2 protein chains.
Amino acid sequence: MGEKAAVRSRLLPVLGEVFRSYGYEGTSVARMTAATGAGKGSLYNAFPGGKEEMAQAVLASIDRWFETAIFLPLRDEPSAPQAIRHMLAQVETYFQSGQRICLVGLFALGDERDRFAIRIRHYFAGWQSALTQALVRAGHSHTAASTLAEEAIASIQGALVQARAMQDTTLFPRALSRLAARLLPVSLSEQPVTTLSHKGE
Amino acid sequence: MGEKAAVRSRLLPVLGEVFRSYGYEGTSVARMTAATGAGKGSLYNAFPGGKEEMAQAVLASIDRWFETAIFLPLRDEPSAPQAIRHMLAQVETYFQSGQRICLVGLFALGDERDRFAIRIRHYFAGWQSALTQALVRAGHSHTAASTLAEEAIASIQGALVQARAMQDTTLFPRALSRLAARLLPVSLSEQPVTTLSHKGE
DNA sequence: GTCTATAAAGCGATAGAC
DNA sequence: GTCTATCGCTTTATAGAC
C-alpha cells in the first residue's frame, strides 16, 4: 500500500499536466501512458477507479499544494502584506506567468464541475477565506476584505483565460502587478512583486 | 444553398448550448441529435465539415452577436457611459447572471485554443478594443482606458469561472455592479445598471 | 433534405501472462 | 507490479434508402 502511494505521487504531477493540456474528456488513457511511460496496467493498479479517481487525486494534490504554499501563509504569517506578496509571487511562478492554466478553473467551467463539485468549491472557498483573513489583518474591515478577496481571485482566473485567449505572455504578470497595487497599502506595494522571489512564509 | 443557411442558423443556437454544456470533446453527435431533434444526416448536410465546422460556426455566431449587441454600441454610441451601462446590462442578461458560461473563454482555456485561435483572439481583442474606445470617450487617457478595459474583461471572465466554481448565483451580478462603479464616473454610476442591489463598494 | 444502417477507429476498463 | 491482448462500447463520419 505504501508502495502504491509512492507510485501515485510519482504519476500525479504528470497526469495533472495531461489533464491541463487536454481537459477531462480529452485526456485518454493512451495519452496518460505516453506521458507517464507507464502501461495501462500500472495506471489502473495505482488508480483502480480509473480516470475519475486519477482526476480526483490530481485535484486533491493541487489543493494540498495551494493549502501549504499559499493559504496557510495567508492565514498564519504575522506580516499580512508579506503573506500577500508571497501569494502573488507563488501564483506567478505556479501559473508560469500565465502560460499554465488553472485546472480547477477549467473543470469549474465545464461539465466536470458537477463530478468534482466539492473539490472545486473547496479550492475557491479556501482561497477566498485565507485571502480575506490576510486582508483583515492588513487593516481592512471584514466586508471590504471579503469583497477585495473575491475580486482578486476573479482577476487571477480571468487573467489566465484572457492571457491564453490573446496568447499574450505579458498580460498575466501585468494583471498581478495591478493586483499588488490594489491589495497592498501604497507604502508597501512600492516594492516590485515579481522580482521578490519567495521571501518565505 | 439559401435553404442550407437557414437550417444552419436554426441549429446554431442549440449547438452552442450543447458545446457550452459539455465542451468540445464532450460534445458528441449523439448529443447534438438529441438536443436539436435533427438526424445525423441533417447535421452533416448542414455542416459537411462535421464537429469542427459546427464549433467554428457557433463561435462565429457568438462573435457576431457580441459585435452588434455590445462592441458596436461601445464604439459608436454618442454617450460613452450609456454604452458602458448597456454593455454591463447585456452581459448580465447574456450570461444569465453567471449561470451561463462563456464558450469562447472555455475554448481559450482548453486544447481547443489552438484549433480556434483566430476566432478566440478576435473575440477578446474586439471587446478590449471597443471598450477602450468607449472609456477614452468617457474621458480616460488612452493608456488608462486600455488598462481598465483589460481589467474589466478579466473580471467578467474570472467572475464566470468563480461563480460556477462556488455555485453562487449572487456572485456574478455582484462583480458586475463593482465593475460599473469602476468604469463609470461617480455621478453617472448612481443610475442603477440593471436592478443592482449593491451601490458599489 | 432527412433518415437509418454501418463502417472504421478510439475509448475506458479488464484479464491474464510474466 | 507491470506488461500486452482484448473486451464492449462509443466515437466521428459515410452510404444509401426514401
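In what follows, chains are A, B, ... by sequence order, proteins preceding strands, each numbered from 1. Computed from a predicted structure; not experimentally measured. All values below come from the heavy atoms of this structure, side chains included, with hydrogens, waters and symmetry mates left out.
Residue A:Ala46 is out of contact with every strand shown, counting any heavy-atom pair closer than 4.0 Å.
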Intra- and interstrand pairs of DNA chain D - dot-bracket, Watson-Crick/G-U under 3.5 Å, | marks other strand: ||||||||||||||||||

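Residue A:Asn45 places its side chain closer to D:dT2 than to any other of C:dG1, D:dC3, D:dT2.
Ion pairing between B:Glu3 and B:Arg8 fails under the 4.0 Å rule for side-chain N and carboxylate O. One finds no salt bridge joining A:Glu77 and A:Arg137 here, because no Lys/Arg side-chain nitrogen approaches an Asp/Glu carboxylate oxygen to under 4.0 Å. Salt-bridge annotation for B:Glu67 and B:Arg64: absent, with no side-chain N of the basic residue lying under 4.0 Å from a carboxylate O of the acidic one. Salt bridge absent: B:Glu112 and B:Arg115 never bring a charged side-chain N and a carboxylate O closer than 4.0 Å.
Rounded to a whole Å, the CG atom of B:Leu43 is 14 Å from the P atom of D:dT11. To the nearest angstrom, P of D:dG1 lies 12 Å from CZ of A:Arg10.
Each of A:Phe19, A:Phe124, A:Tyr123, A:Phe107 was checked for a ring-ring contact (aromatic ring centres under 6.0 Å, His included) with A:Phe116, and the lone residue meeting it is A:Phe107.
For the pair A:Thr36 and A:Val18, the minimum side-chain heavy-atom distance is 4.5 Å or more. No side-chain heavy atom of A:Tyr94 sits less than 4.5 Å from a side-chain heavy atom of A:Ile70.
Under a cut-off of 6.0 angstrom, the local environment of NE2 in A:His122 is sparse, with at most 12 non-hydrogen atoms contributed by other residues, nucleotides or ligands.
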Reading 5' to 3' through nucleotides 5-18 of chain C, protein heavy-atom contacts under 4.0 Å coded B for base, S for sugar-phosphate only, - for none: -B----SSBB----

